[in-house]
Amino acid sequence: MKWVKMIEIKNLTKKYNENIILDNLSLIIKDGEAVGVLGANGAGKTTLVEIISGVTEPTEGKILFYDKDNKIEKNIQEKIGVQFQSGNWPFNTKGTDFLNLFIGKKWKKDEYVNKLIEIFEVKEIIVKRLSDCSGGEQQRFNSMLSIIKKPSVLILDELITGLDLKMQIKLINFFDNLRKKEKITLIIISHIPEEIEQICNRIIVLDKGKIYMDKKIKEIKKEYSSVRSFLELFFEGKLQ
Ligand SMILES: Nc1ncnc2c1ncn2[C@@H]1O[C@H](COP(=O)(O)OP(=O)(O)OP(=O)(O)O)[C@@H](O)[C@H]1O
């Protein structure tokens with residue numbers, strides 16, 4: 001089957017003052033791929049996905065979606081769903097306020113939204129002030145919001161960090177099935193190799209703002225038996 005180039009990153013550099021966070025990075029993500037982005041704290045993972053989603057401007061370089069510049073085609077970014085690590089909710093905001101805003105009052109009768117509320121177990125959470133919710137509860141709500149508009153590219157930043165094991169298993173399976181059924185393109189940042197191994201078919205390892213490795217999960221497993229063993233060698237500095 002012929003593959004389609006979905007996201008193309010060309011010579012991307014991001015600097016904060018004189019600090020180079022992303023260093024002349026180029027990358028192509030194909031339609032329907034599930035890419036895991038790994039690397040140490042501060043490697044530039046969140047900055048990279050913030051730039052892809054349009055939250056942050058690059059210092060240099062370009063992001064193209066289906067060969068179109070995202071600066072010109074702003075509506076392309078509406079097809080991107082993002083779940084970032086945490087939300088800064090305005091005081092007093094409830095989950096239901098966000099649902100009213102995103103979907104309109106009709107969300108109560110929307111079958112898809114109600115199914116998501118059930119899967120993410122947020123029925124009791126959305127009626128509380130988000131600032132009063134626990135970290136894990138906010139995380140569940142954030143993840144649910146990321147797919148509420150049925151995006152064609154979904155970015156998950158540390159999806160399961162801070163969730164209890166039951167929820168971790170449930171959400172990994174949910175996103176894995178969603179990707180297979182809906183054929184969405186997934187970009188997942190995680191420090192949990194098993195999450196990446198189950199959902200993704202490719203990994204990108206960032207090291208100090210550069211791509212250290214870009215490989216198919218199949219090849220990683222063949223060479224190192226698992227993503228965890230590969231990462232252990234990487235972080236111990238035992239890879240060439
Ligand atoms: N708004 C900002 N201003 C200045 N420096 C920033 C800003 N945002 C990020 N950085 C810096 O950029 C670097 C990369 O941050 P980023 O959040 O992309 O890393 P990460 O790989 O996602 O890390 P983690 O695994 O800890 O989440 C860090 O050194 C961070 O301090």
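Remember, it's 1-based here, ligands and their atoms both numbered in the order they're listed.
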Q. What about I169 and I188, same hydrophobic cluster or not, with Ile/Leu/Val/Met/Phe/Trp/Tyr joined at side-chain heavy-atom distances under 4.5 Å?
A. no
- Query: Does any N/O atom on G39 come nearer than 3.5 Å to any N/O atom on ligand 1?
  - Reply: no
Numbered in order shown, the ligand 1 atoms found under 4.0 Å of a heavy atom of A40 are 21 (O)
The atoms of ligand 1 lying under 4.0 Å from a heavy atom of E158, numbered in the order shown, are 27 (O)
Check: of S190, G209, G42, min heavy-atom distance to atom 19 (O) of ligand 1 comes from G42
Under 4.0 Å from one or more heavy atoms of I21, ligand 1 contributes atoms 11 (C), 12 (O), 13 (C), 14 (C)
For residues 13-26, the salt bridge (Lys or Arg N to Asp or Glu O under 4.0 Å) pairs (sequence neighbours left out) are D23-K210
Quiz item: Under 3.5 Å between some N or O of ligand 1 and some N or O of G44?
Solution: yes
A student checking ligand 1 against H191 at a 4.0 Å heavy-atom cut-off should list atoms 25 (O)
Check ion pair R228-E197 (N to O, under 4.0 angstrom)
no
Logged contact type for E50 with ligand 1, heavy-atom cut-off 4.0 Å, is neither
Those residues at least two apart in sequence (or on a different chain) that pass salt bridge (charged side-chain N to carboxylate O under 4.0 Å, His left out) with D176 are K180
Nearest heavy-atom approach of M167 to F120 is CE-O, 3.5 Å
